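A short worksheet on the structure shown next.
Nothing here was measured: the structure is a model prediction, and the numbers come from that model. Just so you know, ligand 1 is whichever comes first in the structure, and atom 1 is the first atom listed for that ligand.
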Amino acid sequence: MKRCIRDLVDLKGKRVLLRTDFNVPLDDVGRILDKTRIVAEIPTIKYLVERGAKVIICTHLGRPNGFEISLSLWQISLVLMQYFPGKVQFSEKIIGDQVKKQIESLSEGSILLLENIRFHKEETENDAAFAKELASLADIYVNDAFGVCHRKHASTYGVARLLPNAIGFLVEEEINAIQDAMTNPKSPFVTIFGGLKVEDKIKVLKNIINKADTVLIGGAMAYPFLAAKWISVGLSPCKPESVSIATEILKDAEARGKKILLPIDHIAIRMDDRKKKPFVTDILDKNMVACDIGPKTISLFESEIQKAGQVIWNGPLGKYEDPKFKNGTMAIAQIVAESKCYSIVGGGDSVSAVNKSGKANMISHLSTGGGATMKLLEGNSLPCLDVIQERIV
Ligand code: ADP
Ligand code: 3PG
Ligand code: MG
């Protein structure tokens, strides 16, 4: 059991560096689409504030290449201000004298949100000097960034080893819920995979097949699998390296009697149609791009979900941000929510989609993690939690 903030005795006046995962989904003009990851963090922040800590919050947003105005955390500071009026400041600087001075002048029980940590390339490189600079800002490090605990970055891994540390309430809750589902899975165990981070998730899928009975694949994740079966994917996203992993996975699943179901129809557009009008099709010809699963696929997936004892879902089944392509994801959200199974939905976009469907309260556990949730489900530990001290009992 990891040491939790509840176990820290004297927080008054202490500078606490709190790593959160406020990597929220944004629309195409950069507005926040879903605040789940921020709202889920409020209990931890509140606890630290009420005990008089100086709370320095650090998070990433997106995958910027240097400074990008659309990925500034300024708008997130405005959301925090609604929860903690008069207590929130924002710092454009992440390290250095200016931010140190700002921290010094913070009153007890107030909050300083640092700018997007990924504006520094040293973050993802887990640069030792950068981690040391971050550590010099605080007395205690708290990791509550469940969604990014699978990434060994400076603010999630490097800095944790340089300060007394603990986890926050969100990480604690996530670990309890997910480990419980893995230790006692109710069968049949169905996993649904979708989304866009195919290169990350396809390796996870390879391992999860050991645990699941049935795997349903949609979204951009489906095309390498269709291609591996020599089914045309037209111009839909599909990298050759993913096709070779998909081929291996399909072979392995067949040998072990596991069921993998892929889309049998699609909502697609034609690249040679100037109006890009969506239509339903079973076959993707060379000018077509698939953007959502079609009605026959929804029924096929529904029949498996109805039979499931446990469903774990990561990744939207289409480009759900666009109303023209949200139908597949919304339909599956409704089916999962209304089925009798134990259900976990994980991932920034997946949770946002389920919230949009209006059925979020019928999901057993909404996880703020995507890749991190999947890593835990695979049976792996999360490297950024391995470096957190154990609780002394
Ligand atoms: P999560 O955040 O839930 O882990 P991802 O970040 O992997 O999920 O994927 C979410 C993204 O996947 C969304 O932006 C969505 O538009 C995209 N997506 C889903 N299906 C498709 C598709 N068929 N083609 C292109 N993008 C897709
Ligand atoms: C997520 O959204 O899954 C986490 O915030 C991690 O983001 P990343 O995949 O860009 O590291
Ligand atoms: Mg996402």
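- Residues V198 and P237 form no side-chain contact, since every pair of their non-hydrogen atoms from C-beta on lies 4.5 Å or further apart.
- Inspection of the S367 and E174 side chains reveals an N or O donor paired with an N or O acceptor under 3.5 Å.
- There is no path of hydrophobic side-chain contacts, each under 4.5 Å, that joins I305 to Y342.
- Under the 4.5 Å side-chain criterion, counting only non-hydrogen atoms from C-beta, F325 is in contact with P278.
- Taking 4.5 Å as the limit, every side-chain heavy atom of T124 sits out of range of all side-chain heavy atoms of R151.
- Annotation: side chain of F119 is not in contact with side chain of L114 (no heavy-atom distance under 4.5 Å).
- Distances under 2.8 Å from the Mg ion (ligand 3) pick out the protein N/O/S atoms D349 OD2.
- Using a cut-off of 4.0 Å between Lys/Arg side-chain N and Asp/Glu carboxylate O, R37 and D21 are scored as salt-bridged.
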List of N/O pairs, ligand 1 versus protein, all under 3.5 Å?
unit_1, atom_1, unit_2, atom_2, d
ligand 1, 2 (O), G348, N, 3.4
ligand 1, 2 (O), D349, N, 2.9
ligand 1, 2 (O), D349, OD2, 2.9
ligand 1, 3 (O), D349, N, 3.4
ligand 1, 3 (O), S350, N, 2.9
ligand 1, 3 (O), S350, OG, 2.5
ligand 1, 4 (O), K201, NZ, 3.1
ligand 1, 4 (O), N314, ND2, 3.2
ligand 1, 6 (O), D349, OD2, 3.2
ligand 1, 7 (O), L196, N, 3.2
ligand 1, 7 (O), K197, N, 3.3
ligand 1, 7 (O), K201, NZ, 2.5
ligand 1, 8 (O), K201, NZ, 3.4
ligand 1, 9 (O), L196, N, 3.0
ligand 1, 12 (O), L196, N, 3.4
ligand 1, 14 (O), E321, OE2, 2.5
ligand 1, 16 (O), E321, OE1, 2.7
ligand 1, 16 (O), E321, OE2, 3.4
ligand 1, 20 (N), G318, O, 3.4
ligand 1, 23 (N), Y223, OH, 2.9

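- Between R19 and S155, the side chains place a donor N or O and an acceptor N or O closer than 3.5 Å (distance only, hydrogens not considered).
- For the residue pair S110 / Q89, no side-chain donor-acceptor distance below 3.5 Å is found, with atom types taken as modelled.
- For Q306 and E302, the side-chain atoms include at least one donor-acceptor pair closer than 3.5 Å.
- When heavy-atom distances to ligand 2 are checked against 4.0 Å, the residues falling inside are D21, N23, R37, H60, R63, R118, G147, R151, K197, ordered by chain and number.
- For the residue pair D144 and T20, no side-chain donor N or O sits within less than 3.5 Å of a side-chain acceptor on the partner.
- With contacts defined as side-chain heavy-atom distances shorter than 4.5 Å, the pair E254/K251 does not qualify.
- In this structure F90 satisfies the ring pair (Phe, Tyr, Trp, His ring centres under 6.0 Å) test together with W74, sequence neighbours excluded.
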